[in-house]
Amino acid sequence: MNRVYEATDVGCVRPINEDRAAIFEPSVYVVADGMGGHAAGEVASHILVDVVRQELAGRAALGEADLSAAIHAANRAILQTVAERPDCQGMGTTATILHLDGDQAWWAHVGDSRLYLLHGGALHQVTRDHSYVEDLVARGELTEEEARIHPRKNVLTRAVGVENDILVDTGRFAIEPGDVLLLATDGLMNMVPEAEMIAILSRQKGNAAQALVDAALASGGRDNVTAIVVVHAS
């Protein structure tokens, strides 16, 4: 049986936690990082998680198309809320969804939250950030280290609830016993070096998600931080 851990924290600077996370059957894991300031980002991430749960919970079989469709449904719901509530203008959210079935993993993704796979001691970033600086890195105009400290690293090129048409990345890969999967918002990646993330995930003792969040807080906690960790058993 898989071991699953979840943790979130408002951080040391922000007044509101705009992150959301959800875990529900059939083995679906979701993280969302709202944006828009005031309470709007919190509203967007809440809608995303609620709609994804409504679309996917209890389904007999899920694939990439189902996960993508759930994000599209959330996009419509957020845009409808924006149209009805002037105080929510400009809100949006990231969305990263993982579904496990046996030794297969399916995912869908928009924004700069991330899905990682720890396999054989190496941490692989499965998703690609939809951000201004990631585009610069892809074009060879920035190094990964320069991207970490770039003043525009939080500028997204894709988010849920911003435009009517949304492009959702999806994928599928095989997993093995002992593999560790991590879903996290950028409040973790921006504060905790990859080597420390690997060390925490490799220990597999106690609540690994809480240990990651604690590490982000110890480093300054400049943003909300959320993590879901799944240790695959079979």
Side-chain angles (χ1 to χ4, degrees), residues 6 8-11 14-24 28-59 62-99 106-115 126-135 152-171 183-190 223-228:
E6 175 188 1
T8 188
D9 198 279
V10 68
R14 302 291 180 89
I16 296 172
N17 192 348
E18 297 182 321
D19 285 359
R20 285 290 181 275
I23 299 169
F24 54 86
V28 178
Y29 313 92
V30 186
V31 296
D33 181 355
M35 61 185 190
H38 306 293
E42 184 181 31
V43 171
S45 60
H46 185 86
I47 293 172
L48 182 285
V49 167
D50 280 355
V51 172
V52 169
R53 188 192 302 271
Q54 292 166 12
E55 293 288 319
L56 302 179
R59 295 272 295 275
L62 297 173
E64 293 176 45
D66 301 297
L67 306 188
S68 177
I71 293 179
H72 280 278
N75 191 62
R76 293 190 295 270
I78 294 170
L79 288 172
Q80 181 63 37
T81 300
V82 170
E84 296 170 352
R85 291 181 51 179
D87 60 312
C88 289
Q89 291 291 328
M91 75 176 181
T93 183
T94 68
T96 303
I97 307 174
L98 171 69
H99 166 57
W106 289 262
W107 58 271
H109 165 73
V110 176
D112 67 350
S113 298
R114 291 180 181 175
L115 169 64
V126 177
T127 54
R128 177 182 179 273
D129 294 352
H130 302 136
S131 67
Y132 171 74
V133 297
E134 181 63 25
D135 288 348
R152 298 185 66 188
K153 63 184 175 67
N154 293 325
V155 176
L156 298 184
T157 55
R158 278 193 236 169
V160 184
V162 176
E163 298 178 343
N164 288 319
D165 296 323
I166 183 172
L167 181 61
V168 179
D169 291 352
T170 63
L183 296 88
T185 58
D186 67 343
L188 175 66
M189 287 80 72
N190 290 339
D223 197 355
N224 309 146
V225 55
T226 297
I228 296 175

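Worth knowing before you read on, the calculation uses all heavy atoms, side chains too, and leaves out hydrogens, waters and symmetry mates.
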Open item on the list: Between D9 and N224, is the side chain to side chain contact (heavy atoms under 4.5 Å, CB included) condition met? List the steps.
Closed with: CA-CA 6 Å; D9 198 279; N224 309 146; over 6 Å; no

- [ ] Output the distance between atom OG (S68) and atom CH2 (W106), rounded to the nearest 0.5 Å.
- [x] 15.5 Å

Open item on the list: Quick one, D19 with T226, criterion side-chain hydrogen bond (donor to acceptor under 3.5 Å, both in side chains). Give me CA distance, side-chain angles, the key distance, then yes/no.
Closed with: CA-CA 7 Å; D19 285 359; T226 297; 2.9 Å; yes

- [ ] Tell me, with the steps shown, if V28 and L98 meet side chain to side chain contact (heavy atoms under 4.5 Å, CB included).
- [x] CA-CA 6 Å; V28 178; L98 171 69; over 6 Å; no

Open item on the list: Donor-acceptor check, side chain of D33 to backbone of S113, threshold 3.5 angstrom: yes or no?
Closed with: no

TODO: Decide yes or no on side chain to side chain contact (heavy atoms under 4.5 Å, CB included) for L156 and M35, but give the supporting numbers first.
DONE: CA-CA 10 Å; L156 298 184; M35 61 185 190; 3.9 Å; yes

Open item on the list: Once rounded to the nearest 0.5 Å, what's the spacing between atom CG of L188 and atom CG of L183?
Closed with: 11.5 Å

Task: Spacing of L48 atom CG and T94 atom OG1 [to the nearest 0.5 Å] - done: 7.5 Å

- [ ] Please determine if R14 and D223 form a salt bridge, counting it only when a charged side-chain N lies under 4.0 Å from a carboxylate O.
- [x] yes

Open item on the list: For the backbone of S131 and the side chain of D129, can you confirm whether one donor and one acceptor N or O come within less than 3.5 Å of each other?
Closed with: no

- [ ] Check whether any side-chain heavy atom of V160 sits under 4.5 Å from a side-chain heavy atom of I78, and report yes or no.
- [x] yes

Task: For the student: nearest non-hydrogen atoms of A22 and E6, plus distance - done: N-OE2, 4.4 Å

TODO: Give the intermediate values and the outcome of side chain to side chain contact (heavy atoms under 4.5 Å, CB included) for residues V110 and I166.
DONE: CA-CA 9 Å; V110 176; I166 183 172; 4.0 Å; yes

Task: L67 side chain reached by E64 side chain, heavy atoms, under 4.5 Å - done: no

Open item on the list: Would you say NE2 of H72 has more than 12 non-hydrogen atoms from neighbouring residues, nucleotides or ligands within 6.0 angstrom?
Closed with: yes

- [ ] Considering non-hydrogen atoms only, spot the tightest contact between A74 and V51 and give its length.
- [x] N-CG1, 3.5 Å

Task: E163 with R158: basic N within carboxylate O range, under 4.0 Å - done: no

Task: Side chain proximity check, W107 to V126, heavy atoms < 4.5 angstrom - done: yes

TODO: Compare every heavy atom of R20 with every heavy atom of S45, then report the nearest pair and how far apart it is.
DONE: OG-CG, 3.4 Å

Task: Backbone N/O of V82 and side chain of Q89: donor-acceptor pair under 3.5 Å - done: yes

Open item on the list: Testing the basics here: between I71 and A108, what is the closest heavy-atom pair and its distance to 0.1 Å?
Closed with: CD1-CB, 3.9 Å

Open item on the list: Given 3.5 Å as the limit, does a donor-acceptor pair link the side chain of H99 with the main chain of Y29, or not?
Closed with: no

Task: For the student: nearest non-hydrogen atoms of D87 and R85, plus distance - done: OD2-NH2, 2.8 Å

- [ ] For residues E55 and A70, report the shortest heavy-atom separation together with the two atoms involved.
- [x] CB-CB, 3.9 Å

Open item on the list: With a 3.5 Å distance limit and no angle check, can you tell me whether T127 reaches the backbone of L115 through a side-chain donor-acceptor pair?
Closed with: yes

Open item on the list: Has N75 got a side-chain atom pairing as donor or acceptor with G161's backbone, closer than 3.5 angstrom?
Closed with: yes

Open item on the list: What's the separation between atom CZ in R128 and atom CG in D112, rounded to the nearest 0.5 Å?
Closed with: 11.5 Å

TODO: Kindly say whether G63 contributes a backbone atom to a donor-acceptor pair with the side chain of D66 at under 3.5 angstrom?
DONE: yes

TODO: To the nearest 0.5 Å, tell me how far C88 SG sits from L79 CG.
DONE: 11.5 Å

- [ ] Might you work through the side-chain hydrogen bond (donor to acceptor under 3.5 Å, both in side chains) test for T157 and H130, ending with a clear yes or no?
- [x] CA-CA 5 Å; T157 55; H130 302 136; 5.9 Å; no

Open item on the list: Once rounded to the nearest 0.5 Å, what's the spacing between atom CG of L167 and atom NE2 of H109?
Closed with: 10.5 Å

